[in-house]
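Proteins get letters first, then strands, A, B, ... in listed order; numbering begins at 1 in each.
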Protein chains: 2
Amino acid sequence: MSNNSAIVILTKHGLKITPQRIAILDVILNLKEHPTAETICNYLRPGYPNLSIATIYKTLDTFAQKGIIRKVLSETDTMRYDGVAEKHHHLYNTGSGRIEDYYDEGLNKIVENYLKNKKIPNFTIEDFKLQIFGKFRDNGNK
Amino acid sequence: MSNNSAIVILTKHGLKITPQRIAILDVILNLKEHPTAETICNYLRPGYPNLSIATIYKTLDTFAQKGIIRKVLSETDTMRYDGVAEKHHHLYNTGSGRIEDYYDEGLNKIVENYLKNKKIPNFTIEDFKLQIFGKFRDNGNK
DNA sequence: TACTATATAATAATGATTATCAATTATAAA
DNA sequence: TTTATAATTGATAATCATTATTATATAGTA
């Protein structure tokens with residue numbers, strides 16, 4: 001099922017279907033967190049011992065260019081990837097690199113309306129995103 | 001004057017007064033853009049031919065820890081620094097790495113109120129920041 | 001099945017940032 | 001003012017995430 005949807009997505013974007021691409025896309029789509037390239041590598045190594053880290057980077061880049069996934073700015077110096085296409089915001093755990101998605105249609109609407117009226121001088125708004133900083137109340141890390 | 005205020009700030013945070021720190025802080029406080037470590041280096045090299053890039057990184061880190069400046073997440077892979085302590089948001093020029101500050105007290109209040117009532121489950125909000133993506137209508141770059 | 005362009009794996013290269021450490025300097029005490 | 005000492009600086013090596021290179025393998029198509 002998930003395997004299937006990966007193939008559908010790849011096809012839709014005119015990308016060749018390869019086992020590596022299916023596997024990588026599968027991981028991102030199903031993982032709740034925002035994995036780094038290395039996290040993805042660790043997930044897939046058992047099944048694909050020869051999967052190269054370079055392939056993962058290149059594949060992620062291809063996906064990002066097609067709009068299948070998004071790159072996420074991280075507080076540490078490693079890039080993270082986000083398999084969710086719908087508009088959402090990010091919760092940053094201050095201290096650790098943990099980032100989680102936050103959906104809030106009401107918030108979107110309020111900010112959207114505000115900015116629509118406001119009109120920032122010399123700037124055409126295309127999109128916006130909130131970074132919300134704080135602490136997760138469960139244990140916290142990763 | 002600006003020279004002076006740098007000294008005041010350093011003193012207030014219990015940091016030793018050195019010519020390098022004064023110069024670096026001066027650049028960040030007076031520059032409107034968000035410089036990278038290398039930009040700062042280029043500004044100061046004429047006056048301080050021996051200023052080491054390592055010193056700049058270490059000094060910026062010290063400043064950030066004291067809350068004098070902030071690190072800014074950038075779309076490219078180079079860190080940028082922000083000399084403004086007051087709450088503000090960022091305008092990202094899609095494509096280039098250009099980032100500018102955006103102040104909007106009205107926006108702050110609206111979002112603040114919304115989030116205060118909303119209460120995100122399992123998360124304690126400390127602060128938030130908007131990333132606004134779009135295009136500058138002047139030439140665009142840098 | 002064979003052809004051709006694209007993708008992959010392995011590895012080297014890059015570039016930003018950090019670590020190391022000897023020499024220098026700012027501050028506090030004498 | 002001089003001295004003592006801990007912090008800072010500069011030079012450079014090391015690190016680590018990401019990108020480039022290139023020979024080999026593979027997907028999609030005729």
Measure the distance from [atom1] on [X] to [atom2] on [N] and round it to the nearest whole Å.
{"X": "Y57(A)", "N": "dC16(D)", "atom1": "OH", "atom2": "C1'", "value": "9 Å"}
{"X": "I56(B)", "N": "dT9(D)", "atom1": "CD1", "atom2": "P", "value": "11 Å"}
{"X": "D61(A)", "N": "dA17(D)", "atom1": "CG", "atom2": "C1'", "value": "14 Å"}
{"X": "I53(A)", "N": "dA20(D)", "atom1": "CD1", "atom2": "C1'", "value": "15 Å"}
{"X": "R80(A)", "N": "dT18(D)", "atom1": "CZ", "atom2": "P", "value": "10 Å"}
{"X": "L10(A)", "N": "dA27(D)", "atom1": "CG", "atom2": "P", "value": "13 Å"}
{"X": "K58(B)", "N": "dG10(D)", "atom1": "NZ", "atom2": "P", "value": "9 Å"}
{"X": "I22(A)", "N": "dT26(D)", "atom1": "CD1", "atom2": "P", "value": "15 Å"}

- Message: Let me check the geometry of the helix from dT1(C)-dA30(D) to dA30(C)-dT1(D). What is the bend angle between the axes at its two ends, five pairs each, to 10°?
- Response: 30°
- Those residues at least two apart in sequence (or on a different chain) that pass ring pair (Phe, Tyr, Trp, His ring centres under 6.0 Å) with Y81(B) are none
- Note on the structure: Residues passing the ring pair (Phe, Tyr, Trp, His ring centres under 6.0 Å) test with Y102(B), sequence neighbours excluded, are none
Using a 4.0 Å heavy-atom cut-off across all strands, classify [X] as base, sugar-phosphate, or nothing.
{"X": "L51(A)", "value": "sugar-phosphate"}
{"X": "T55(A)", "value": "base"}
{"X": "P49(B)", "value": "nothing"}

- Query: Among all residues two or more places apart in sequence or in another chain, which pass the side-chain contact (heavy atoms from CB on, under 4.5 Å) test with R70(B)?
  - Reply: D82(B), D127(B), K129(B)
- Query: Hey, does the Lys NZ or Arg CZ of R137(A) hover above the aromatic six-ring of F123(B), less than 6.0 Å from the centre and inside 45° of the axis?
  - Reply: no
- Decide whether a cation-pi geometry holds between K58(B) and F63(B); the criteria are a distance under 6.0 Å from NZ or CZ to the six-membered ring centre and an angle within 45° of the ring axis. no
- Message: With a 4.5 Å cut-off on side-chain heavy atoms, are L91(A) and I99(A) touching?
- Response: no
- Does a side-chain heavy-atom distance below 4.5 Å link R21(B) with I17(B)? no
Go through the side-chain N and O atoms of [X] and [Y] and say whether any donor and acceptor fall under 3.5 Å apart.
{"X": "T36(B)", "Y": "T39(B)", "answer": "yes"}
{"X": "N108(A)", "Y": "Y103(A)", "answer": "no"}
{"X": "D101(A)", "Y": "H90(A)", "answer": "yes"}

- Query: Of all nucleotides in DNA chain C with an atom under 4.0 Å from a non-hydrogen atom of chain B, which is the first and which the last going 5' to 3'?
  - Reply: dA16(C) to dT27(C)
- Any donor and acceptor pair, going by atom type alone, linking the side chain of H13(B) with main-chain N or O of T11(B) inside 3.5 Å? no
For nucleotides 28-30 of chain D, tabulate all protein N/O to nucleotide N/O atom pairs closer than 3.5 Å, reporting atom names and distance.
| unit_1 | atom_1 | unit_2 | atom_2 | d |
| --- | --- | --- | --- | --- |
| dG28(D) | OP1 | I17(A) | N | 2.8 |

